[in-house]
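Computed over heavy atoms, backbone and side chain alike; hydrogens, waters and symmetry mates excluded.
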Amino acid sequence: MAMVKIGKTYYSGPPKDVYLICGNAVRDGETFDAKGKDLGKVTVAAQEHEDGNTLFVRLCGWRGKAKDVAAVRKMDCVLAVGALSKSEYNEKTYYDLDVDFIAISGVKRGGAAQDFSAPAGFDEIEELGDGELPF
């Protein structure tokens with residue numbers, strides 16, 4: 001899990017810090033209708049501190065990114081880049097990242113063992129005993 005400042009954005013308003021965040025989703029992503037605009041949200045455990053506390057960041061995807069953010073499932077590893085903002089509510093600090101880029105690395109669900117046999121239409125390749133390549 002990581003959270004790294006990579007620069008600033010000057011898009012629409014005052015400059016905001018841009019961060020790269022990598023972490024595991026703590027729940028499934030969701031979509032909302034926010035005043036006529038699509039919004040996707042998911043919370044990621046972005047950084048663990050030495051004292052054992054974890055920093056959680058809510059990823060917010062607007063318009064075209066809403067579906068990408070909502071596609072995240074619990075325990076998926078997420079890499080995201082965007083402008084980070086923080087707010088305070090009831091004496092707690094909350095972090096939101098407006099997603100500009102997101103990549104999701106899902107985990108295999110269901111617990112079934114993965115089948116490594118040859119797909120239909122392909123023949124199994126026999127191992128060569130002498131270590132030589134067949135061409």
Side-chain angles (χ1 to χ4, degrees):
M1 294 185 284
M3 185 165 125
V4 179
K5 182 178 175 183
I6 59 174
K8 286 189 177 284
T9 181
Y10 299 93
Y11 177 73
S12 72
K16 291 184 180 178
D17 292 333
V18 175
Y19 281 80
L20 178 136
I21 292 177
C22 181
N24 293 330
V26 297
R27 62 178 57 95
D28 290 348
E30 302 174 294
T31 54
F32 301 93
D33 180 25
K35 298 180 183 177
K37 297 178 183 175
D38 289 335
L39 171 62
K41 289 185 180 182
V42 68
T43 301
V44 173
Q47 192 172 25
E48 288 183 9
H49 298 286
E50 291 178 9
D51 62 3
N53 291 327
T54 302
L55 176 68
F56 295 98
V57 177
R58 183 173 51 196
L59 306 181
C60 302
W62 294 92
R63 296 182 262 323
K65 296 286 184 232
K67 289 181 182 178
D68 297 337
V69 172
V72 175
R73 296 292 165 247
K74 185 176 181 178
M75 294 307 296
D76 284 350
C77 183
V78 178
L79 177 73
V81 175
L84 186 73
S85 59
K86 66 180 182 177
S87 58
E88 303 227 359
Y89 181 74
N90 285 343
E91 299 180 15
K92 289 186 180 180
T93 303
Y94 295 91
Y95 295 91
D96 291 330
L97 184 88
D98 288 336
V99 173
D100 291 323
F101 169 83
I102 187 166
I104 305 164
S105 176
V107 295
K108 184 163 176 64
R109 294 174 186 83
Q114 192 169 357
D115 181 18
F116 289 105
S117 61
F122 292 89
D123 295 327
E124 292 283 343
I125 298 175
E126 296 179 26
E127 281 190 43
L128 301 175
D130 59 1
E132 292 292 317
L133 297 174
F135 47 87

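- In the hydrophobic clustering, where aliphatic and aromatic side chains (Ile, Leu, Val, Met, Phe, Trp, Tyr) are joined below 4.5 Å either directly or transitively, V4 groups with I6, V18, L20, L79, V81, F101.
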side-chain contact (heavy atoms from CB on, under 4.5 Å) assessment of V57 paired with L84: CA-CA 9 Å; V57 177; L84 186 73; 4.2 Å; yes
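- One finds the CG atom of N24 at 13.0 Å from the OG1 atom of T43 (value rounded to the nearest 0.5 Å).
- With values rounded to the nearest 0.5 angstrom, E88 atom CD is found 10.0 Å from Y94 atom OH.
- Here the CH2-NZ distance, from W62 to K37, works out to 7.0 Å after rounding to the nearest 0.5 Å.
- Follow the hydrophobic side-chain contacts under 4.5 Å out from V99 and you never reach L39; the two are in separate clusters.
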Criterion side-chain contact (heavy atoms from CB on, under 4.5 Å) on F32 and K41, from CA distance to verdict: CA-CA 8 Å; F32 301 93; K41 289 185 180 182; 3.8 Å; yes
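- With rounding to the nearest 0.5 angstrom, the CG atom of L55 is 10.0 Å from the CG atom of N53.
- The minimum heavy-atom distance between T31 and A66, with the atom names listed, is CG2-O, 4.1 Å.
- When all heavy atoms of I21 and A46 are compared, the closest pair comes out as CG2-CB, 3.7 Å.
- Counting all heavy atoms, side chain and backbone alike, A25 lies closest to V72 at CB-CG1, 3.5 Å.
- Counting non-hydrogen atoms of other residues, nucleotides and ligands closer than 6.0 Å to NZ of K67 gives a total of 12 or fewer.
- Between Y19 atom OH and L97 atom CG the span is 10.5 Å, to the nearest 0.5 Å.
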Test log, rule side-chain contact (heavy atoms from CB on, under 4.5 Å), inputs L59 and I102: CA-CA 9 Å; L59 306 181; I102 187 166; 4.3 Å; yes
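- C77 contributes atom SG, which lies 10.5 Å from atom CD1 of I104 (distance to the nearest 0.5 angstrom).
- The pair R63-D38 fails the salt-bridge criterion, with no side-chain N (NZ, NE, NH1 or NH2) lying under 4.0 Å from an Asp/Glu carboxylate O.
- Electrostatic pairing of K74 and D28 does not count as a salt bridge here, judged by no charged N lying under 4.0 Å from a carboxylate O.
- The shortest non-hydrogen separation linking A83 to T9 is CB-CG2, 4.0 Å.
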